[in-house]
Amino acid sequence: MIDIRLLRESPEQVRAAIARRGGQHGPLLDSIIQLDQRRRETLQKVEKLKAERNTASEVVARRKRAQEDAGGTLAGLRELSEEIKRLDDEERTLDAELHERLLQLPNLPLSEVPDGGAAANRVVRTWGEIPKLASPAKPHWELGEALGLFDLPRGAKITGSGFPLFTGPGARLVRALINFMLDLHTREHGYTEVAPPLLVNRETATGTGQLPDLERNMYVTEDGLYLVPTAEVPVTNIHRDEVLAAGDLPRGYVAYTPCFRREAGSHGKDTRGLIRIHQFDKVELVRFSTPENSPSEHEKLLGHAEAVLRRLGIPYRVVLLAAGDVGFSSAKTYDLEVWAAGVATWLEASSASTFTDFQARRANIRYRPRPDSKPEFLHTLNASGVAFPRTIIALLENNQQPDGTVVIPEALAPYLGRDRLAPAGA
RNA sequence: GGAGAGGUGGCCGAGUGGCUUAAGGCGGCGGUUUGCUAAACCGUAGUAGGGUCUAAAGCCCUACCGGGGGUUCGAAUCCCCCCCUCUCCGCCA
């Protein structure tokens, strides 16, 4: 949520910033400005009447105490109260409508974010060598089947397409990745590990920006709870409606969770194998920062996600997303794309974003710069550290050998209990 | 799921319709006293929204006693619905 005062005082600045995202936000902005105007007018009227009523009530109280007749003062107060009730209702309605629309407005991209749509995304750097494979590269779904790592048809039987069943060494690989990543982030990057709820309520999903506009991408239960699309949602909301001390910042949490995404309407492209699925595993990093430090925190966070890929020896590139491509809540996002030799493409395995005070405002997460100062909204940031499916894709496809085996990187081998995956019977 | 007890400021805790601008205590902040510390004493203090002002400060107004409705001229207090915590029962990995 953006600051209504910024919109009130510098509407053209906000309009220009939002326009960089593309899409038509003009009418929404106009209606917000108008609602804000009407709300304040109504508020001023009703508050004036309330002041009158309070004064009159005091007189009544004083008379009653003195055993005098208060009838004369009471006359007319009923009408005043009815008028107050009417205006109060009006103000409440306007405020609710205003709030609802403010929730639909995306964050403002930072100035250093490039103009344009996805085509304007900028590759900031590339790490690692794209492997030169001795034999024709197989895609991961072939490798995974041959190595007995996962069984997609049976996953589809159990639940539906996009719900993978990991088997044997594949299931063990998932467990190895969980432990490898959690160990790295807690031991070397200073994160506090948490294991959050996987179902969240409406307020929580609104706090990070999934609701109201992205509801179609989430699974909802009969109880009105949502399956988490990412650990960002429950973890960022750990401090919802709290005021942290300046000494608490920066603060970082790491969480492993499954993630559930309906991704309604995204069938057709990039859907083979594990590339785009409805349930996947991810280790997520969430940071809370003061506004001054959030730019450096963002770079630090990006580095933590990169460290995972470097340890695993997976070639990747860092992409600064253009204004038209950054997510709803984000002000600036770097994607980490891993190279996958089998499908011969770059796949997004992590997204490192700063949300400035956008989520903090929605979720009411504040901090006190000094013990005697007023609470201010802090900044939230997060990054995948990292998503499993595309990491698995890169590992399998890049490390495949002519004999059909897959070499496991040194950093991961102890967690997997082996340094090579081989087809059954080989 | 059933029965009961609760939810008041940073914390504890009083408050059954108007003298509450939420008592009192603890903690916080400022000060006085004081070799130093402690204690004592005095003072001060919340959050949000709106108005005033070029802006800040200040000042004024409104709201806030778990959340939302209602009764009333007036609600922390009375009524209704919901949420959460605790105790017991039931069910359960």
Side-chain angles (χ1 to χ4, degrees), chain A residues 1-11 13 32-103 195-207 211 221-226 234 237-249 258 357-358 360-378:
Chain A
M1 195 157 59
I2 68 162
D3 186 353
I4 183 70
R5 267 172 289 206
L6 178 66
L7 180 57
R8 197 182 291 156
E9 284 155 24
S10 320
Q13 184 191 328
I32 289 172
I33 291 169
Q34 202 194 335
L35 278 166
D36 177 54
Q37 180 72 30
R38 283 174 58 201
R39 185 190 83 92
R40 277 182 300 148
E41 282 166 9
T42 308
L43 190 62
Q44 283 167 40
K45 266 191 260 176
V46 74
E47 286 190 344
K48 193 157 160 270
L49 296 184
K50 281 181 178 174
E52 268 178 46
R53 182 182 66 184
N54 288 347
T55 310
S57 278
E58 225 168 284
V59 173
V60 173
R62 210 162 34 230
R63 294 245 169 107
K64 293 242 171 176
R65 248 178 275 132
Q67 314 271 314
E68 289 171 29
D69 177 40
T73 316
L74 280 180
L77 272 184
R78 174 185 283 271
E79 263 172 68
L80 181 61
S81 270
E82 270 162 17
E83 178 68 358
I84 286 172
K85 189 172 288 183
R86 195 183 63 75
L87 287 172
D88 247 348
D89 282 345
E90 194 176 313
E91 192 275 334
R92 242 197 307 269
T93 306
L94 288 169
D95 190 51
E97 182 62 28
L98 174 64
H99 189 71
E100 194 178 308
R101 293 189 191 207
L102 271 175
L103 288 177
L198 303 181
L199 286 168
V200 297
N201 59 31
R202 222 186 144 74
E203 291 71 27
T204 292
T206 304
L211 292 182
T221 68
E222 219 174 45
D223 297 323
L225 299 175
Y226 300 82
N237 278 279
I238 287 174
H239 294 301
R240 176 153 54 87
D241 291 324
E242 291 183 16
V243 180
L244 304 183
D248 294 332
L249 303 175
D357 63 359
F358 185 84
R361 202 176 288 280
R362 287 176 158 245
N364 189 29
I365 310 170
R366 297 178 293 171
Y367 82 109
R368 226 178 266 282
R370 289 179 313 281
D372 59 342
S373 55
K374 285 175 95 73
E376 290 175 21
F377 292 111
L378 48 70

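Just so you know, these numbers come straight off a predicted model, no measurement behind them. Below, chains carry the letters A, B, ... as their sequence lines are ordered, and counting in each starts from 1. Excluded from the calculations below are hydrogen atoms, water molecules and symmetry mates; all remaining heavy atoms, backbone and side chain alike, are included.
At least one side-chain nitrogen or oxygen of Arg5(A) sits closer than 4.0 Å to the OP1 or OP2 atom of G49(B). Between Arg78(A) and C73(B), a side-chain N or O to OP1/OP2 separation shorter than 4.0 Å is present. Regarding contacts with the backbone of C60(B), every side-chain N or O of Lys50(A) stays at 4.0 angstrom or more from both OP1 and OP2. In this model, the phosphate group of G50(B) is not approached by any side-chain N or O of Gln44(A) to a distance below 4.0 Å at OP1 or OP2. Dashed line: the shortest gap from a side-chain N or O of Asn54(A) to OP1 or OP2 of A63(B) is under 4.0 Å. Between Arg92(A) and G49(B) there is no side-chain N or O to OP1 or OP2 distance below 4.0 Å. The phosphate of C19(B) (OP1 or OP2) has no side-chain N or O of Arg62(A) nearer than 4.0 angstrom.
Taking the nucleotide of RNA chain B with the nearest heavy atom to each of Arg40(A) and Thr55(A), the more 5' of the two is matched to Arg40(A). Between Asp36(A) and Pro375(A), the residue anchored closer to the 5' end of RNA chain B is Pro375(A), taking for each the nucleotide with the nearest heavy atom.
Arg62(A) places a side-chain heavy atom less than 4.5 Å from the side chain of Val59(A). Under the 4.5 Å side-chain criterion, counting only non-hydrogen atoms from C-beta, His99(A) is in contact with Met1(A). Counting heavy atoms from C-beta outward, Thr42(A) and Leu94(A) have side chains that approach closer than 4.5 Å. Considering only heavy atoms from C-beta on, Leu77(A) comes within 4.5 Å of Val60(A) through its side chain. Annotation: side chain of Asp95(A) is not in contact with side chain of Arg92(A) (no heavy-atom distance under 4.5 Å). Between Asn237(A) and Val200(A) there is no side-chain heavy-atom pair separated by less than 4.5 Å. Side-chain contact between Leu98(A) and Ile32(A) is present, with heavy atoms from C-beta onward closer than 4.5 Å. Residues Asp3(A) and Phe377(A) form no side-chain contact, since every pair of their non-hydrogen atoms from C-beta on lies 4.5 Å or further apart.
Between A57(B) and G66(B), the distance separating the two P atoms is 31 Å to the nearest Å. Straight-line distance between the P atoms of C82(B) and A14(B): roughly 28 Å, to the nearest whole Å. For G70(B) and G31(B), the C1' atoms lie 49 Å apart once the distance is rounded to whole Å. Remark: the separation of the C1' atoms in C19(B) and C80(B) is 31 Å, to the nearest Å. Annotation: C84(B) and G67(B) have their P atoms spaced 15 Å apart (nearest Å). Look at the C1' atom in both U72(B) and C91(B): the space between them is 46 Å, to the nearest Å. Spacing of C1' atoms, U33(B) relative to A40(B), comes out at 9 Å, to the nearest Å. Taking atom C1' in both G46(B) and G4(B), one finds a spacing of 35 Å when rounded to whole Å.
Put simply, the side chain of Glu47(A) and the base of G51(B) share no donor and acceptor less than 3.5 Å apart.
Nucleotide U47(B) holds its C1' atom 14 Å from the CD atom of Glu376(A), rounded to whole Å. Going from atom CD of Glu82(A) over to atom P of G70(B) covers 13 Å, rounded to whole Å. Distance Lys48(A) NZ to U62(B) P: 13 Å, rounded to the nearest Å. Spacing between atom CZ of Arg240(A) and atom P of C84(B) amounts to 13 Å, rounded to whole angstrom units. Whole-Å rounding puts the Glu41(A) CD to G51(B) P distance at 10 Å. Between the CG atom of Leu77(A) and the P atom of U72(B) there is a distance of 14 Å, given to the nearest Å. Note: CD1 (Ile84(A)) to P (C61(B)) measures 16 Å, nearest angstrom. As a whole-Å value, the separation of Leu80(A) CG from U62(B) P is 12 Å.
Residue contacts for Lys374(A): at a heavy-atom cut-off of 4.0 Å it reaches the sugar-phosphate backbone alone, with no base atom in range. Counting non-hydrogen atoms under 4.0 angstrom, Lys45(A) reaches nothing in the nucleic acid. Counting non-hydrogen atoms under 4.0 angstrom, Ala51(A) reaches the backbone sugars and phosphates but no base.
Consecutive pairing runs in RNA chain B reach the stem threshold at B:1-7 with B:83-89, B:10-12 with B:24-26, B:28-32 with B:40-44, B:46-52 with B:58-64, B:66-70 with B:78-82, where a stem means at least three Watson-Crick or G-U wobble pairs with distances under 3.5 Å.
Of all non-hydrogen atoms in Ile238(A) and Glu242(A), the two that sit nearest each other are O-OE2, 3.2 Å. Residues Gly207(A) and Arg362(A) approach most closely at O-CB, 3.4 Å, considering heavy atoms.
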Could you walk me through whether Asn201(A) and Thr204(A) satisfy the side-chain hydrogen bond (donor to acceptor under 3.5 Å, both in side chains) test, starting with their C-alpha distance in whole Å, then the side-chain angles of each, then the deciding distance to 0.1 Å, before giving a yes or no? CA-CA 5 Å; Asn201(A) 59 31; Thr204(A) 292; 3.0 Å; yes
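The closest donor-acceptor contact from the side chain of Asp248(A) to the backbone of Ala245(A) lies under 3.5 Å.
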Would you list the protein and nucleotides 74-83 of chain B atom pairs, both N or O, that sit under 3.5 Å from each other?
from   : atom 1 : to       : atom 2 : distance (Å)
G74(B) : OP1    : Ser81(A) : OG     : 2.9

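Side-chain atoms of Val60(A) lie closest to G18(B) of the nucleotides U62(B), G18(B), G50(B).
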